[in-house]
Colleague: 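If you scroll down you'll find the structure; I have some questions about it.
Proteins come first, then strands; the chains are lettered A, B, ... in the order of their sequence lines, and each starts at number 1. Keep in mind it's a predicted model, so treat the numbers as computed, not measured.
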There are 2 protein chains.
Amino acid sequence: MVRDGSAAERRFEGRLRSLRSAGHRITAQRRAVLRALAMMGCACGAEDVHARARRIYPRLGLVTVYRTLAALVREGLAQTVQLDDGRVRYELRDDGRHHHHLVCLSCGSIARLEACALGRLQSAGLRRGFRVTAHRLELFGYCEDCQPSGGRHEAR
Amino acid sequence: MVRDGSAAERRFEGRLRSLRSAGHRITAQRRAVLRALAMMGCACGAEDVHARARRIYPRLGLVTVYRTLAALVREGLAQTVQLDDGRVRYELRDDGRHHHHLVCLSCGSIARLEACALGRLQSAGLRRGFRVTAHRLELFGYCEDCQPSGGRHEAR
DNA sequence: CCTCCAAATGAAAATGATTTTCATTATCTC
DNA sequence: GAGATAATGAAAATCATTTTCATTTGGAGG
């Protein structure tokens, strides 16, 4: 599980190296958080990361998870996603691949949308003298499994 | 200030009527919150609304502001905006006019962007079997007054 | 106009996510 | 391997927001 040369493993090591070269020490806790985050299918909260990372390093504290996530974000290795419940979600950044989110209002799943067609809006920003350097887009609706017309919907 | 027939005043009365017909009582506190919100140039937090509404109704409590804002959102008269600081911002909805936000990373100002060119992305969502019913977009960058090249920038 | 009651209010306490403090532990440089 | 210093964990602190509960008040019905 640890010593294969898979792409995932190479990415993991790369992130560790980034952290180290940014002046951070590599600890078992940070490895666990990083691995947990990499295992997550989509953006999730600190509590979720904690639960999963604990399976790797059981005495891991929630505080350390918060600190590690903050460090990852600071170093550009992870990013946050804001939904409507007052909790911050985190996800690793794959290279610099920019993406948005499809948030299902029924089951709460968060899928990625790799396409980004915002050039037009960025120009609209420019037009008003505003220089856009970043943006965040979340799309809300119903995923394939939760289509109201599709059969199995779920009261929530 | 209260009895002119301006468009703003008509909108204010319309919102009161909406609240009333949704089964809410009209109180001095709610009037104050609604007026304060209408005076705000852009989305701002409950604390800000409270400060401004207090100038109209001084014994207004922050709790009431929260409750009133929640009611306004529930009735579709206001909406929330999520930025990166963990605080919810509120703004009145003008009719159903959909817009996004231009958040200045230097001075923190929040301007509106009326254009919405997201049809393309919505189709992208559809393509994956996801039915988009709503979306939220925030653009970050530098407003006209804060352009790094423009002269007066502000360390933050 | 008056009464009544559910809805609204405010103060204080509770909550829940996140951050800070501080004493202890452990990484990594030399 | 030793030492400086960053990282950790537990507990306490914060901060925005929500809940509780006793009191007040809007507005429907008389």
Colleague: So does A:Glu75 pair up with A:Arg20, basic N to acidic O under 4.0 Å?
Modeller: no
Colleague: Return the value, rounded to whole Å, for the distance between atom CZ of A:Arg74 and atom P of C:dT18.
Modeller: 16 Å
Colleague: On DNA chain D, check which nucleotide each of B:Arg87 and B:Arg20 is closest to and give me the residue with the more 5' one.
Modeller: B:Arg87
Colleague: Which residue, A:Val33, A:Thr68, A:Leu34, forms the side chain to side chain contact (heavy atoms under 4.5 Å, CB included) with A:Val49?
Modeller: A:Val33
Colleague: Roughly how many Å is it from CG in A:Leu69 to P in C:dA17, rounded to a whole number?
Modeller: 15 Å
Colleague: Quick check on C:dT19: is either OP1 or OP2 less than 4.0 Å from any side-chain nitrogen or oxygen of A:Tyr66?
Modeller: no
Colleague: State, yes or no, whether a side-chain contact exists between A:Leu92 and A:Arg15 at a heavy-atom distance under 4.5 Å.
Modeller: yes
Colleague: Scan nucleotides 5-10 of chain D nucleotide by nucleotide, 5' to 3', and note B when protein non-hydrogen atoms come under 4.0 Å of the base, S if they reach only the sugar-phosphate, - if neither.
Modeller: BBSBBB
Colleague: Please give, in whole Å, the distance from C:dA7 P to B:Glu75 CD?
Modeller: 14 Å
Colleague: Might you point out which heavy atoms bring A:Ala53 and A:Leu60 nearest each other, and give the distance in Å?
Modeller: CB-CD2, 3.4 Å
Colleague: Using atom CZ of B:Arg31 as one end and atom C1' of D:dG27 as the other, report the distance to the nearest whole Å.
Modeller: 13 Å
Colleague: Given atom CG of A:Asp85 and atom P of D:dT17, what is their separation to the nearest angstrom?
Modeller: 14 Å
Colleague: Does A:Arg31 make a cation-pi contact with A:Tyr57, if we ask for NZ or CZ under 6.0 Å from the ring centre and within 45° of the axis?
Modeller: no
Colleague: Between D:dT17 atom C1' and B:Gln82 atom CD, what is the distance in whole Å?
Modeller: 13 Å
Colleague: Decide salt bridge (charged side-chain N to carboxylate O under 4.0 Å, His left out) for B:Glu47 and B:Arg52; before the verdict, give the C-alpha distance in whole Å, the side-chain angles of both, and the deciding distance to 0.1 Å.
Modeller: CA-CA 9 Å; B:Glu47 202 79 59; B:Arg52 203 173 287 224; over 6 Å; no
Colleague: Which angle, rounded to 10°, do you find between the first-five-pair axis and the last-five-pair axis of the helix from C:dC1-D:dG30 to C:dC30-D:dG1?
Modeller: 40°
Colleague: Which heavy atom of A:Ala71 sits nearest a heavy atom of A:His24, and at what distance?
Modeller: CB-NE2, 4.1 Å
Colleague: Grab the two heavy atoms, one from A:Val81 and one from A:Ala43, that are nearest each other, plus how far apart they are.
Modeller: CG2-CB, 3.7 Å
Colleague: Side chains of B:His101 and B:Glu91: do they bring a donor and an acceptor to under 3.5 Å?
Modeller: yes
Colleague: Whole angstroms only, please: what is the CG-C1' distance between B:Asp48 and D:dT17?
Modeller: 15 Å
